[in-house]
Amino acid sequence: MPRKIAAGNWKMNGLAASLAEVSQLPKGGDVTVLICPPATLLAPMAALGRDVAAGGQDCHVAASGAHTGDISAPMLADAGATYVIVGHSERRTDHGETSETVAQKAQSAYAAGLIAVICLGETLDQREAGETLAVIAEQLKASIPAEATAQNTVIAYEPVWAIGTGKVPTIEQIAEVHDALRAALPDTSLLYGGSVKASNAAEIFSVANVDGALVGGASLTAADFGPIITALSDS
Ligand code: 13P
């Protein structure tokens, strides 16, 4: 059985005081609770000693070198991370990352002993053109390295048009993509991401082949994220 994962992506949000939210999260039971705070908070978050996994939000392809402002997978691991998100649509859009770069980043994550949370998803134009499954298949092929296994990789399906917009795909739309992902990756944890909140989490987790969620805005406070963890635990 793929493991259930409730993952929070804090993006560029969070100061030291925000760690109090992590301390207040409910126990996950059979759910792995993962928080990906800004890199500045990784070490203090890991030091909380809570049963919450810590993850980076991105890593450089290289392990070290002259890349001002970047952070490498071994550095994330050194700070206490066990996961790293790669290929988030905001990285693909804001930093021009290609699927080939994403695959290299995943390889760098594996080399550092990190689990890569590889993100993919279609734009609104692609969905409206009926290209969703073709886009997902292409991203899967190009973004996932040959070394990927169900142990070192998690996939997050995040439709670009659902991220931070309050728009959520229908249950049927989520199911269609997750069924296709499951056919390709039988044992890998498959997360849905995009406007997940306490009020829609249980319905999303009832979809076959959805093993959890990658949550942005609603992961920033324990009041919002706690019920999502509980909904996954109850599913
Ligand atoms: P929101 O939950 O804020 O829509 O963000 C989703 C996301 O991008 C998580 O990586």
Side-chain angles (χ1 to χ4, degrees), residues 4-14 18 21-22 25 31-39 41-42 45 52-59 76 81 83-95 97 99 102 105-106 109 114-124 126-127 132 135-136 139 143 153-171 173-174 177-178 181 188-205 207 210-232:
K4 292 182 180 181
I5 302 173
N9 174 11
W10 282 11
K11 307 190 180 184
M12 198 170 74
N13 298 291
S18 314
E21 301 294 333
V22 178
L25 290 174
V31 171
T32 297
V33 179
L34 164 66
I35 297 283
C36 301
L41 294 182
L42 269 176
M45 202 188 101
V52 174
Q57 298 177 8
D58 175 55
C59 66
L76 296 172
Y83 288 76
V84 59
I85 298 170
V86 293
H88 191 282
S89 73
E90 287 152 17
R91 298 289 315 177
R92 292 181 189 254
T93 304
D94 297 356
H95 299 270
E97 288 186 9
S99 290
V102 174
K105 290 185 172 199
L114 298 176
I115 297 171
V117 181
I118 303 178
C119 302
L120 33 84
E122 81 287 359
T123 63
L124 190 56
Q126 290 166 333
R127 176 159 285 279
T132 298
V135 167
I136 298 296
Q139 288 179 337
S143 309
T153 301
V154 173
I155 301 295
Y157 167 54
E158 299 205 306
V160 178
W161 52 274
I163 294 175
T165 58
K167 293 191 188 126
V168 184
T170 64
I171 293 304
Q173 288 172 326
I174 296 174
V177 173
H178 277 250
L181 292 171
T188 300
S189 291
L190 306 175
L191 313 185
Y192 167 77
S195 298
V196 175
K197 36 190 189 291
S199 58
N200 61 19
E203 190 181 18
I204 291 168
F205 297 144
V207 179
V210 172
D211 303 309
L214 181 55
V215 184
S219 71
L220 294 173
T221 65
D224 288 333
F225 197 44
I228 296 173
I229 295 169
T230 304
L232 183 56

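One-based numbering, in listed order, for ligands and for the atoms of each.
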Atom [atom1] in [X], atom [atom2] in [Y]: separation rounded to 0.5 Å?
X: Gln173; Y: Thr132; atom1: CD; atom2: OG1; value: 7.5 Å
X: Glu97; Y: Cys119; atom1: CD; atom2: SG; value: 10.5 Å
X: Gln57; Y: His88; atom1: CD; atom2: NE2; value: 8.5 Å

Extract all N/O-N/O pairs under 3.5 Å that connect ligand 1 to the protein, and present each with both atom names and the distance rounded to 0.1 Å.
unit_1: ligand 1; atom_1: 2 (O); unit_2: Gly216; atom_2: N; d: 2.8
unit_1: ligand 1; atom_1: 3 (O); unit_2: Gly217; atom_2: N; d: 2.9
unit_1: ligand 1; atom_1: 4 (O); unit_2: Gly164; atom_2: N; d: 2.6
unit_1: ligand 1; atom_1: 4 (O); unit_2: Ser195; atom_2: N; d: 2.8
unit_1: ligand 1; atom_1: 5 (O); unit_2: Lys11; atom_2: NZ; d: 3.2
unit_1: ligand 1; atom_1: 8 (O); unit_2: Lys11; atom_2: NZ; d: 2.8
unit_1: ligand 1; atom_1: 8 (O); unit_2: His88; atom_2: NE2; d: 2.7
unit_1: ligand 1; atom_1: 8 (O); unit_2: Glu158; atom_2: OE1; d: 3.4
unit_1: ligand 1; atom_1: 10 (O); unit_2: Asn9; atom_2: ND2; d: 3.0
unit_1: ligand 1; atom_1: 10 (O); unit_2: His88; atom_2: NE2; d: 2.9
unit_1: ligand 1; atom_1: 10 (O); unit_2: Glu158; atom_2: OE1; d: 3.2
unit_1: ligand 1; atom_1: 10 (O); unit_2: Glu158; atom_2: OE2; d: 3.0

Tell me if a side-chain donor or acceptor on Gln126 pairs with a main-chain N or O of Thr123 at a distance below 3.5 Å.
yes
Has Gln139 got a side-chain atom pairing as donor or acceptor with Ser99's backbone, closer than 3.5 angstrom?
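Not a single qualifying donor-acceptor pair exists.
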Taking the side chain as every heavy atom from C-beta outward, state whether Cys59 and Val86 have any atom pair closer than 4.5 Å.
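Heavy-atom side-chain distance check passes, below 4.5 Å.
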